[in-house]
S.K.: 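For reference, the structure I am asking about is given below.
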2 protein chains.
Amino acid sequence: MTVRVLSKGEATRERILDIAQDAVLAKGFAGTSLDEIIAEAGITKSGFFYHFRDKNDLAKAMLQRYLDREEVLFSGLFKQADELSEDPLHSFLIFLKLFADLMSDMPNGHPGCIVASYVYQDHLFSQDVRALNAEGLIVWRNRFRDRLDRIAERYPPRADLDIDALADMASAVADGGIILSKCLRDPSLLPRQILQYRAYVKLVFSPA
Amino acid sequence: MTVRVLSKGEATRERILDIAQDAVLAKGFAGTSLDEIIAEAGITKSGFFYHFRDKNDLAKAMLQRYLDREEVLFSGLFKQADELSEDPLHSFLIFLKLFADLMSDMPNGHPGCIVASYVYQDHLFSQDVRALNAEGLIVWRNRFRDRLDRIAERYPPRADLDIDALADMASAVADGGIILSKCLRDPSLLPRQILQYRAYVKLVFSPA
DNA sequence: ATGAGTACTGTACCGCGGGTGCGGTTCTCA
DNA sequence: TGAGAACCGCACCCGCGGTACAGTACTCAT
């Protein structure tokens with residue numbers, strides 16, 4: 001593990017993003033004021049605009065950072081799973097278990113998905129932010145689609161299986177599970193949804 | 001069918017709610033200004049406050065109306081399905097097909113789920129709105145849980161099946177599917193997710 | 001040590017948005 | 001025709017996003 005040493009400016013920028021992300025996931029983007037962000041970050045408004053051109057720039061940086069972190073997280077989980085099994089199906093099932101366990105280990109539950117949050121406020125953002133958001137889901141789709149294709153080679157599924165939809169279902173169940181957990185204030189709901197997806201994948205690739 | 005005749009006041013109120021709902025699903029609640037609502041509705045600010053105490057009252061009315069309409073819609077679909085089959089599993093599968101078809105028939109895709117939208121901005125709302133939002137999901141859970149219990153009586157599932165999670169999965173897949181469809185601007189994604197859920201239900205209750 | 005960035009602070013200002021208050025007006029319908 | 005329903009008009013408040021720009025303290029390579 002290489003630990004990047006952040007410069008003072010980078011550290012402040014990260015702090016702003018941390019604070020903004022919590023607020024945005026709780027109150028929405030328009031509902032989050034710059035004043036509350038700078039107050040909590042202990043800086044002035046001028047300080048904020050030194051780091052970000054405007055609020056939209058903040059939104060973009062938040063999203064980009066979220067997608068980057070997710071990329072690192074999932075690459076890691078897939079790598080772990082691949083080390084535990086050579087078989088594509090078993091590896092994928094292990095991955096889903098690891099994913100569910102990780103979500104279980106969040107005592108306050110998953111804080112929320114930036115992508116989902118932005119989808120319900122997309123008219124607030126510029127075109128490039130919306131495109132970046134869509135790209136985030138496409139990355140998920142491709143990542144899962146790759147795995148499922150490799151599984152389907154070894155475990156021929158029924159002819160009518162919609163593999164693209166099955167790949168997208170990982171995103172859908174994750175985002176839907178987060179909504180369930182947040183709304184009902186029950187952190188266990190998200191990991192249980194992931195395990196439902198896992199059970200489906202297991203069933204759908206079992207010989208009939 | 002009884003057609004309620006709306007008084008002028010009720011008609012205006014409904015128009016405000018229609019306009020507000022579209023705007024909120026596109027820009028979030030805080031991102032939607034009263035000025036744009038009243039401009040589109042062709043009324044003044046005073047007119048707005050005649051119908052709603054404040055913005056939170058508007059939020060509550062929107063959510064209540066959304067939940068009521070959903071209730072009517074799903075009761076209708078379940079009734080249709082029950083008329084087509086006595087068997088609880090077949091009826092449920094028919095219901096899911098009807099649901100998916102209905103979502104397919106929306107040319108511009110599903111406009112969005114108020115419940116999901118509110119979850120990502122819940123700190124903007126009063127306690128009673130948040131409670132109402134949670135109640136909406138609980139109603140879904142119970143509705144599906146009832147159906148699944150009746151199915152499980154006739155088609156004994158594997159012992160490890162998490163029926164509560166399977167019931168919640170309907171909400172999760174619907175909300176997740178809506179997010180997929182909205183984000184990637186592809187209306188077909190939502191109905192396909194519903195059909196994935198349907199396939200899972202079918203598999204999980206099939207004798208092994 | 002010093003000067004050139006880097007990372008801010010301080011102040012002043014603008015227009016929009018949510019919200020309040022309250023008096024006046026028009027429309028509807030028994 | 002008169003009483004309530006359904007608004008309009010206007011004045012005012014504060015918070016928020018954003019702009020502009022001058023000044024300052026800290027950091028670090030030469």
Side-chain angles (χ1 to χ4, degrees), chain A residues 4-63 117-118 121-126 128-129, chain B residues 4-63 117-118 121-126 128-129:
Chain A
R4 271 295 308 288
V5 177
L6 298 181
S7 70
K8 198 190 172 203
E10 285 169 329
T12 302
R13 198 183 144 91
E14 288 298 304
R15 205 169 67 252
I16 292 172
L17 288 170
D18 288 339
I19 293 164
Q21 184 159 322
D22 285 348
V24 167
L25 289 174
K27 287 178 289 191
F29 188 69
T32 300
S33 73
L34 295 186
D35 281 352
E36 65 176 292
I37 295 174
I38 65 175
E40 205 177 327
I43 57 170
T44 63
K45 201 178 260 195
S46 314
F48 174 86
F49 284 106
Y50 174 78
H51 291 286
F52 303 97
R53 268 192 307 286
D54 51 28
K55 222 187 168 192
N56 187 74
D57 190 32
L58 171 70
K60 193 175 178 178
M62 266 177 54
L63 177 56
S117 167
Y118 280 22
Q121 330 185 38
D122 67 345
H123 278 42
L124 296 175
F125 307 117
S126 62
D128 57 337
V129 172
Chain B
R4 270 296 307 288
V5 176
L6 297 182
S7 70
K8 197 191 172 201
E10 285 170 329
T12 301
R13 196 183 144 94
E14 287 298 303
R15 206 168 68 251
I16 293 172
L17 288 171
D18 287 339
I19 294 164
Q21 184 160 321
D22 284 347
V24 166
L25 289 175
K27 290 179 287 192
F29 188 71
T32 300
S33 73
L34 294 186
D35 280 354
E36 64 175 294
I37 295 173
I38 65 175
E40 206 178 326
I43 56 170
T44 63
K45 202 178 259 193
S46 312
F48 174 87
F49 284 107
Y50 173 78
H51 291 285
F52 303 98
R53 267 192 309 284
D54 51 29
K55 226 187 165 190
N56 186 75
D57 191 31
L58 171 70
K60 193 174 178 180
M62 267 177 53
L63 177 57
S117 169
Y118 280 21
Q121 331 184 36
D122 66 345
H123 278 41
L124 295 176
F125 306 116
S126 61
D128 55 338
V129 173

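In what follows, chains are A, B, ... by sequence order, proteins preceding strands, each numbered from 1.
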S.K.: Given dC16(D), dT19(D), dC8(C), which nucleotide is nearest the side-chain atoms of F49(A)?
M.R.: dT19(D)
S.K.: Among dC8(C), dG18(C), dG17(D), find the nucleotide with the atom closest to the side chain of K45(A).
M.R.: dG17(D)
S.K.: Tell me: CD1 of I37(B) to C1' of dG19(C), nearest whole Å?
M.R.: 14 Å
S.K.: With F48(B), which residues qualify under ring-ring contact (aromatic ring centres under 6.0 Å, His included), at least two apart?
M.R.: F52(B)
S.K.: Applying side chain to side chain donor-acceptor pair (under 3.5 Å), can you list everything that pairs with S117(A), at least two apart in sequence or on another chain?
M.R.: Q121(A)
S.K.: Closest approach to the side chain of T44(B), judged atom by atom: which nucleotide of dA6(D), dC8(D), dT9(C) is it?
M.R.: dC8(D)
S.K.: Are OP1 or OP2 of dC7(D) and a side-chain N or O of T12(B) less than 4.0 angstrom apart?
M.R.: yes
S.K.: Please report the distance, rounded to the nearest Å, between CZ in F52(B) and P in dA6(D).
M.R.: 12 Å
S.K.: From dC8(D), dG19(C), dT19(D), pick the nucleotide closest to the side chain of I43(B)?
M.R.: dC8(D)
S.K.: What distance do E14(B) atom CD and L17(B) atom CG have between them, rounded to the nearest 0.5 Å?
M.R.: 5.5 Å
S.K.: Choose from dA6(D), dG18(C), dG18(D) the nucleotide whose nearest atom is closest to any side-chain atom of Y50(B).
M.R.: dA6(D)
S.K.: In whole angstrom, what separates D54(A)'s CG from dG17(D)'s C1'?
M.R.: 10 Å
S.K.: Just the rounded figure in Å: distance from P of dA6(D) to CD1 of I38(B).
M.R.: 19 Å
S.K.: Rounding to a whole Å, what distance do you find between D35(A):CG and dT19(D):P?
M.R.: 15 Å
S.K.: Would you tabulate the nitrogen or oxygen pairs shorter than 3.5 Å linking the protein to nucleotides 22-29 of chain D?
M.R.:
none

S.K.: To the nearest angstrom, how far is H51(B) atom NE2 from dC7(D) atom C1'?
M.R.: 7 Å
S.K.: For T32(B), which of I19(B), V24(B), D22(B), L58(B) qualifies under side-chain contact (heavy atoms from CB on, under 4.5 Å)?
M.R.: V24(B)
S.K.: Distance-only, no hydrogens or angles: does the K60(A) side chain make a donor-acceptor pair with backbone N or O of S126(A) under 3.5 Å?
M.R.: no
